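Heads up: the structure comes next, in structure tokens.
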Amino acid sequence: ATAPGTVLAALPDAAPEHPEPLDRVLADVQRLIVPNLTHWNHPGFLAWFAITGSAPGVAAETLTAAFNVNAMLWRSSPAATELEERVCDWVRRLIDLPGDFRGHVNDTASTSTLVALAAARHQLRGLPGADVRRRGLAGRPDLPPLVVYASDQAHSSVDKAAIVLGVGQENVRRVASDGAFRMDVAALAEAVAADRAAGRLPMAAVATAGTTSTTSVDPLPEIAALCRRERLWLHVDAAYAGSAAICPEIRRGALAGLDLGDSLVVNPHKWLATPIDCSLLFVRRPEVLRAAFSLVPDYLVTEEAEVTNLMDTGFQLGRRFRALKLWMVLRAFGAEGLRERLREHCRLARRLAERLAAEPRFEVVAPVPFSTVCFRTRAGEEADRRLLAEVNADGRFFLSHTVLGGRFTLRVAIGNLRTEERHVEALWELLAARAAGPAASAGDGAPPV
Ligand code: PLP
């Protein structure tokens, strides 16, 4: 394992004054960088949300670097702009969103959620004419505190967006979730009512479809109905699970209501075989985004009418040509090829969950709607921490943890295209061999899958 400071200590303090041959630099990549990477492309990488640098994705990234275009304006890269429009619309169709959703590509879900909530703030349904874009938030007696709602399981990017947007972290209501880690809609309604009674202005709710810890899905139809009634912008964070919506049975089942928000984020870099970074933000009324963000200095005014200038979709001017990798991935695997792989990940996760549930030393502590399993041993936190450390020290697998209901919880997230049944079987054997408690041999009690 790499000790903190290893790489820093091996690097000179200052940049070289004179050119060095590329082969020497590449030799250092091999010697110094590769051994000190965390290998996200490894089939045993099952931490956080595993990702894949697939071959078409890697090829596309190489081309992207070679083309080196900045797709801020249509004119600054027509192909990058139009490919981005088309490929986002392909994904829109694949995940079955209505035609009024328009997508664009950001780096991360954190950016996508920030941009979506900025659009919500711009539109501010409860207070038309607030004109925050122009007048800001500070020193405005006409403007009550704005409030954003998300469950206690929602990603920290919601808080960060609130910090950046001047909403303030204390105005993010972390609504309680139920026993299956789904937002409690009655608690949401109560929180909105309490804020209104206190003179605050509910602005937006973020529903999560595939939470970071357990991949639970908030009750989207009920939350959407409440947001409509309360005139709140609904942003759906499907950064991880949104990719699985390409499978119609998952879209209709676990992800029913995915299309009910004003905006939706899906990260192909999490579970759609696309190298990081690639996050799609779909917005139902793209004109709101443009109204929130379009700001065209003289030197960027161009003649083309009726074209998309991607700089109008967010706060960034320059942007990488990220659509190329998604396009190449979709073409190289085909939608059916990707569906097969995602279904296999879900099957492997269910199988692992069944094995864990059938072994008395373990308990599975959250439902498994997708490809992530949360579990503990019955031997207590200290033993679980030790188990995690031992499994990771073994070197074949890399797992992470979360905290659920105040309790340390191990987590296996399957999402790499190279992860196969044999890897998950080997992990199960390792867990069974290392877990504390009365010994039972690996595989005992596992039901047929
Ligand atoms: N939303 C959810 C549900 C996530 O799980 C994550 C990261 O794991 C994010 C948002 C943030 O993603 P990003 O790293 O692309 O900003």
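Remember, it's 1-based here, ligands and their atoms both numbered in the order they're listed. These figures come from a predicted structure and were not determined experimentally.
For Asn267, every heavy-atom contact with ligand 1 shorter than 4.0 Å involves the side chain, none the backbone.
Under the 4.0 Å criterion applied to side-chain N and carboxylate O atoms, Arg351 and Glu344 are not assigned as salt-bridge partners. Using a cut-off of 4.0 Å between Lys/Arg side-chain N and Asp/Glu carboxylate O, Arg92 and Asp259 are scored as not salt-bridged. A salt bridge links Arg339 with Glu336: the distance from a Lys NZ or Arg NE/NH1/NH2 to an Asp or Glu carboxylate oxygen falls below 4.0 Å.
In the candidate list Asp237, Val206, Thr108, Asp237 is nearest to atom 10 (C) of ligand 1, counting heavy atoms.
No N or O atom of Thr211 sits closer than 3.5 Å to an N or O atom of ligand 1. Note: no N/O pair closer than 3.5 Å links Thr208 and ligand 1 by distance alone.
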**Request:** Tell me, with the steps shown, if Ser76 and Asn70 meet side chain to side chain donor-acceptor pair (under 3.5 Å).
**Result:** CA-CA 6 Å; Ser76 75; Asn70 184 341; 5.1 Å; no
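Nearest to atom 13 (P) of ligand 1 among the protein's heavy atoms is Ala109 N, 3.5 Å. Atom 4 (C) of ligand 1 has as its closest protein heavy atom Thr212 OG1, 3.3 Å. The single protein non-hydrogen atom nearest to atom 11 (C) of ligand 1 is His155 CE1, 3.3 Å, given as residue, atom name and distance. Atom 8 (O) of ligand 1 has Lys270 NZ, 3.1 Å as its closest protein atom, hydrogens excluded (heavy atom only). For atom 16 (O) of ligand 1, the closest heavy atom belonging to the protein is Ser110 OG, 2.5 Å.
Using modelled atom types and a 3.5 Å distance limit, the side chains of His235 and Thr113 yield a donor-acceptor pair. Between Thr402 and Thr409, the side chains place no donor N or O within less than 3.5 Å of an acceptor N or O (distance only, hydrogens not considered). Between the side chains of Ser177 and Asp152, at least one donor N or O lies within less than 3.5 Å of an accepting N or O.
Residue Tyr240 places every heavy atom at 4.0 Å or more from ligand 1.
Within ligand 1, the atoms closer than 4.0 Å to a non-hydrogen atom of His269 are 15 (O), numbered from 1 in the order shown. Using a 4.0 Å cut-off to heavy atoms of Phe49, the atoms of ligand 1 that qualify are 5 (O), 8 (O). Contact atoms of ligand 1 toward Ala239: 1 (N), 2 (C), 10 (C) (distance under 4.0 Å to a heavy atom of the residue). With ligand atoms numbered from 1 in the order given, ligand 1 contributes 3 (C) to contacts under 4.0 Å with heavy atoms of Gly210.
Glu381 meets the salt bridge (charged side-chain N to carboxylate O under 4.0 Å, His left out) test with Arg385; sequence neighbours excluded.
For Phe398 and Trp48, the ring centers sit closer than 6.0 Å to each other.
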